[in-house]
Amino acid sequence: MTITNTHLGPAELLSTVPTGLFIGGQWRPAEDGATFAVHNPATGGVIADVSDAGIADAQDAVDAAAAAQTDWAATSPRQRADILRRAYDLLLERADDLALIMTSEMGKPLAEAKAEVNYAAEFFRWFSEEAPRIDGSYGQTPDGNTRVLVMRRPVGPCLLITPWNFPMAMGTRKIGPAIAAGCTMVFKPAPQTPLSSLALAALLTEAGLPDGVLNVIPTTRAEQIIEPIMTGGVLRKMSFTGSTEVGRILLAQAARTVMRTSMELGGNAPFIVFDDADLDTAVDAAFAAKMRNMGEACTAANRIFAQRSVAEQFTSRLADRMAGLIVGDGTEDGVQVGPLIDQPSLNKVSRLVEDALSKGARIVAQGQVPDTGGYFYPPTVLTDIAADSELLHTEIFGPVAAVRTFDTEAEVLTAANDTDWGLVGYVVTNDLNRALRVSEALEVGMVGLNTGIVSNPAAPFGGVKQSGLGREGGRVGIDEFLEYRYLAIPSG
Ligand code: ADP
């Protein structure tokens with residue numbers, strides 16, 4: 001049951017992806033035989049039926065992770081690094097097939113899916129390099145009476161929960177450091193996009209990951225099955241990427257057993273164009289920050305602020321770029337924007353735009369969508385947006401650029417920080433002092449300075465305020481999966 005770069009067509013390729021639960025190294029059906037359908041958002045058609053984990057399956061996955069933990073923690077850093085490195089190589093070798101699987105279940109254009117496979121693979125390469133560098137320290141208490149030996153230990157069996165928008169990279173961003181640190185895992189992918197995760201599990205097995213280290217439980221019953229395992233006392237760590245709303249529920253559950261958590265939650269990113277900006281850079285960066293993944297990213301530029309003297313030119317150039325985009329089935333040549341993930345997402349984006357229009361917003365540009373039954377929304381640029389428009393206060397998660405005008409730096413900073421979220425902000429300016437001043441004043445975990453992309457495995461990704469807790473990637477990414485243990489040793 002392995003995926004190879006086959007150059008098969010979508011239907012044949014999808015039939016090679018495992019559709020069972022992956023527990024203790026075995027592919028198996030759900031205990032009650034339940035399955036659920038996976039849809040292609042470009043057509044609405046069913047592309048696979050996947051086993052739907054229930055409570056007993058989730059408990060089996062926890063048991064398998066717990067049983068594997070001691071032996072896995074005892075492996076050498078080099079063994080774990082080598083598995084990650086092999087998985088990195090396999091991901092790149094099979095990037096074409098994995099991209100097609102991803103596009104089929106998630107909708108993003110093939111070029112973006114392939115870019116995600118590469119990005120996902122980089123987490124494995126990065127953490128393969130981090131595994132041998134887990135270190136500790138040796139010191140003395142100030143009075144000289146005690147030696148202090150500090151070691152790092154894996155935190156223990158982990159629960160990983162990921163969203164549908166980056167089905168492969170959100171998995172590797174958690175699985176990579178967990179493997180490197182010596183933790184075993186129960187992994188629950190999003191029900192919209194389980195196939196990328198199941199293909200990833202098969203690939204990791206091929207790369208040499210021992211049975212039980214990674215257990216994958218796709219499910220439509222997250223609410224019922226996750227709480228018992230969150231509160232069962234065996235799992236020691238939870239890493240979640242998803243909405244702030246669900247994050248709050250999981251944090252409350254984690255509190256019951258004082259479980260460690262890493263939370264990557266929602267965003268409401270400001271994108272600020274100052275009047276000294278290079279407008280080519282501003283348009284490129286805004287386009288990237290808005291349109292990556294059809295706008296379905298927590299890092300998406302949600303509120304675009306342009307300084308008055310450049311606002312018109314910036315907006316019309318962004319509008320030209322957006323209006324000309326080709327929207328359609330992401331597997332087709334030339335398509336630049338795919339469908340949204342499902343009908344509720346399409347309804348939400350439509351509703352947010354209607355709300356803004358009813359409060360006085362103006363459509364500067366709007367693209368075309370195909371009439372093929374998928375969940376398509378046209379790339380849209382709005383201006384004259386009233387302050388009480390809902391899209392300024394919630395994640396749009398769609399290809400809609402909302403541009404507002406501002407006069408002063410102080411005014412835009414107040415507006416940019418006027419949100420409960422603090423994941424990322426973008427600043428476009430050629431004034432170095434302003435760039436640093438504004439970056440310091442923004443209440444965010446990340447700043448894109450003259451760029452619209454901040455995600456990188458080598459950098460600490462994460463937010464402040466209600467955007468989350470902890471960081472993924474960078475030198476600190478592995479810390480989320482390690483505990484400190486210190487030995488007090490009398491001197492003498
Ligand atoms: P989105 O709106 O992007 O789908 P969610 O926060 O709803 O974001 O979902 C992110 C992940 O959290 C998905 O894997 C989803 O299945 C899971 N999830 C949703 N509700 C719960 C819950 N009550 N307990 C555990 N996981 C959940």
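First listed ligand is number 1; within each ligand, the first listed atom is number 1. All values below were derived from every heavy atom in this structure, side-chain atoms included, with hydrogens, water molecules and symmetry-related copies excluded. Owing to the predicted nature of the structure, the values given are computational and were not obtained by experimental measurement.
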Does a side chain donor of either [X] or [Y] reach within less than 3.5 Å of an acceptor in the other side chain?
X	Y	result
Asn118	Glu122	no
Thr231	Gln253	no
Asp342	Ser345	yes

I need the minimum non-hydrogen distance between Ala113 and Thr103, along with the two atoms involved. CB-OG1, 3.3 Å
Is the backbone of Gln466 close enough, under 3.5 Å, to the side chain of Thr244 for a donor and an acceptor to pair up by distance? yes
Does the plane of the ring in Trp27 sit parallel, tilted or perpendicular to the ring in Phe22? Use 30° and 60° as the thresholds. tilted
Which N/O atoms of ligand 1 sit under 3.5 Å from a protein N/O, and at what distances?
from     : atom 1 : to     : atom 2 : distance (Å)
ligand 1 : 3 (O)  : Trp164 : NE1    : 3.4
ligand 1 : 4 (O)  : Trp164 : NE1    : 3.1
ligand 1 : 6 (O)  : Ser243 : N      : 2.8
ligand 1 : 6 (O)  : Ser243 : OG     : 2.6
ligand 1 : 14 (O) : Thr162 : O      : 2.7
ligand 1 : 14 (O) : Lys188 : NZ     : 3.0
ligand 1 : 16 (O) : Lys188 : NZ     : 2.9

